[in-house]
Amino acid sequence: MRTLATCLLMFFALSAHAEPPRVASARKSKAPVVAGLFKAAGVAWPPEQMYVRAFKHERELEVWAGAKAGPLVKVKTYPFCAASGELGPKRQRGDLQVPEGFYTIDLFNPWSDYHLSMRVSYPNEADKRHKTAADPGGNIFVHGDCVSIGCIAIEDEPIQELYLMVLDTREKTKRNVPIHIFPRRLDDKGMKALEGGRSSTDPLVAFWRSLQPAYTFFEEARHLPVTSVDPKTGAYVVKPARQARGASSTRR
């Protein structure tokens with residue numbers, strides 16, 4: 001009886017920690033691929049930090065990773081296969097917009113109708129402040145299956161890789177992985193394209209300019225900037241990463 005009880009306890013313990021079928025299947029087929037991608041990028045797997053950024057105009061989602069105190073390197077770029085709406089932030093439920101701003105991936109759904117999905121932490125405090133209806137909407141995901149009503153969709157094979165990357169990094173670091181969603185690459189050419197035909201007082205222009213410092217800082221330093229929301233105005237506040245500030249002080 002004691003042996004039977006022990007076996008039952010072991011069975012239930014293993015069952016409690018068993019991965020959902022889609023994740024287990026993804027791990028079987030994609031774990032070696034993911035490990036190979038990180039090895040090729042020269043980054044330990046799982047990494048000490050990860051950053052995901054998406055560009056709506058270019059329809060690209062990038063994965064960056066690296067050591068805790070070091071600069072990040074690009075691991076892979078995934079093309080969107082679907083994304084609804086236009087350039088510009090999401091402001092209410094039903095507007096079909098993919099959000100723009102600074103978020104984290106805060107929930108995993110291995111039973112999604114869209115193969116595998118990961119929730120973006122929309123709405124944040126900036127979104128709530130600038131919503132144009134009582135309900136700003138929610139349930140924005142990065143997922144598979146190539147359909148979108150405000151989400152970012154990539155194909156099923158890539159979402160398996162991305163899901164494992166973010167899931168295992170979250171498990172190692174115990175922190176949500178940041179995801180920044182931009183209307184497009186916010187270099188001078190990109191900003192000029194966004195501002196073309198718009199008044200300098202257009203609220204959209206001001207909003208996009210508020211995103212640019214985060215884009216520019218990362219392009220120059222390859223460290224993730226510190227972002228927050230001004231509680232009085234709802235505007236984004238961007239500061240250099242702590243690692244970069246320390247490095248700058250050392251150089252001086």
Side-chain angles (χ1 to χ4, degrees), residues 51-62 64 78-107 114 117-143 147-154 166 176-219 224-239:
Y51 169 46
V52 178
R53 64 177 185 172
F55 301 99
K56 291 164 61 172
H57 174 75
E58 291 85 354
R59 296 174 69 87
E60 291 180 340
L61 185 149
E62 299 176 345
W64 295 76
Y78 295 103
F80 293 11
C81 63
S84 60
E86 303 173 346
L87 299 187
K90 183 174 181 63
R91 291 297 183 233
Q92 64 183 67
R93 183 175 297 279
D95 63 8
L96 302 182
Q97 287 292 95
V98 175
E100 294 172 10
F102 310 133
Y103 306 98
T104 63
I105 295 173
D106 66 355
L107 183 143
Y114 307 102
S117 64
M118 302 178 291
R119 188 175 68 185
V120 176
S121 61
Y122 172 91
N124 61 24
E125 291 306 311
D127 299 315
K128 293 173 184 176
R129 179 65 178 260
H130 295 295
K131 64 185 181 181
T132 57
D135 184 358
N139 290 325
I140 302 299
F141 288 81
V142 178
H143 59 61
V147 294
S148 172
I149 47 173
C151 298
I152 295 172
I154 63 177
V166 180
N176 291 337
V177 171
I179 177 169
H180 293 179
I181 306 176
F182 296 99
R184 63 179 299 153
R185 297 184 186 277
L186 296 181
D187 51 18
D188 291 342
K189 179 181 176 181
M191 286 301 303
K192 187 175 293 185
L194 289 172
E195 294 173 356
R198 296 182 181 274
S199 165
S200 60
T201 59
D202 187 320
L204 262 182
V205 171
F207 173 74
W208 287 326
R209 286 176 179 168
S210 77
L211 302 180
Q212 189 180 27
Y215 172 84
T216 301
F217 178 80
F218 184 77
E219 285 294 292
L224 188 64
V226 177
T227 63
S228 60
V229 177
D230 187 315
K232 294 182 179 179
T233 65
Y236 285 116
V237 178
V238 178
K239 297 180 180 179

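Computed from heavy atoms alone, side chains included, the values below leave out hydrogens, waters and symmetry copies.
Residues meeting the side-chain hydrogen bond (donor to acceptor under 3.5 Å, both in side chains) test with Asp230, sequence neighbours left out: none. Considering only residues two or more places apart in sequence or on other chains, Lys56 meets the side-chain hydrogen bond (donor to acceptor under 3.5 Å, both in side chains) condition with Glu100. Taking the side-chain hydrogen bond (donor to acceptor under 3.5 Å, both in side chains) definition, one finds that Asp188 meets it with nothing, sequence neighbours left out. A search for side-chain contact (heavy atoms from CB on, under 4.5 Å) contacts involving Leu204 returns Pro89, Arg198, Asp202, Trp208, not counting sequence neighbours. Taking Pro123 as the reference, Asp127, Lys128, Pro136 meet the side-chain contact (heavy atoms from CB on, under 4.5 Å) condition, with sequence neighbours excluded. The salt bridge (charged side-chain N to carboxylate O under 4.0 Å, His left out) search around Glu60 returns Arg185, not counting sequence neighbours. A search for side-chain contact (heavy atoms from CB on, under 4.5 Å) contacts involving Arg184 returns His57, Glu58, Leu186, Ala193, Leu194, not counting sequence neighbours. Residues that satisfy the disulfide (SG to SG under 2.5 Å) test with Cys81, not counting sequence neighbours, are Cys146. For Tyr215, the side-chain hydrogen bond (donor to acceptor under 3.5 Å, both in side chains) criterion is met by no residue, not counting sequence neighbours. In terms of the side-chain contact (heavy atoms from CB on, under 4.5 Å) criterion, residue partners of Ser228 (sequence neighbours excluded) are, by chain and number, Val237. A search for ring-ring contact (aromatic ring centres under 6.0 Å, His included) contacts involving Phe218 returns Tyr51, Trp64, not counting sequence neighbours. Legend: residues meeting ring-ring contact (aromatic ring centres under 6.0 Å, His included) with Phe102, ordered by chain and number and at least two apart, are His180, Tyr236.
Between Ile152 and Ile181 there is a side-chain heavy-atom pair separated by less than 4.5 Å. Counting heavy atoms from C-beta on, the side chains of Leu107 and Phe141 come closer than 4.5 Å.
Minimum interatomic distance between Val238 and Pro225 (heavy atoms only, all atoms of both residues): CG1-CB, 3.8 Å. Nearest heavy atom pair, residue His130 against residue Arg91, reads O-CD, 3.1 Å. Here the closest heavy-atom approach between residue Gly150 and residue Ser84 is recorded as N-OG, 2.7 Å.
No donor-acceptor pair closer than 3.5 Å links the side chain of Thr104 to the backbone N or O of Ser121. Side-chain N or O atoms of Arg119 include none that pairs as donor or acceptor with a backbone N or O of Gly138 at under 3.5 Å.
Here the CG-CZ distance, from Leu87 to Phe55, works out to 13.0 Å after rounding to the nearest 0.5 Å. Distance check, rounded to the nearest 0.5 Å: SG of Cys151 to OH of Tyr114 gives 7.5 Å.
Other residues, nucleotides and ligands contribute more than 12 heavy atoms inside 6.0 Å of the CG atom of Leu96.
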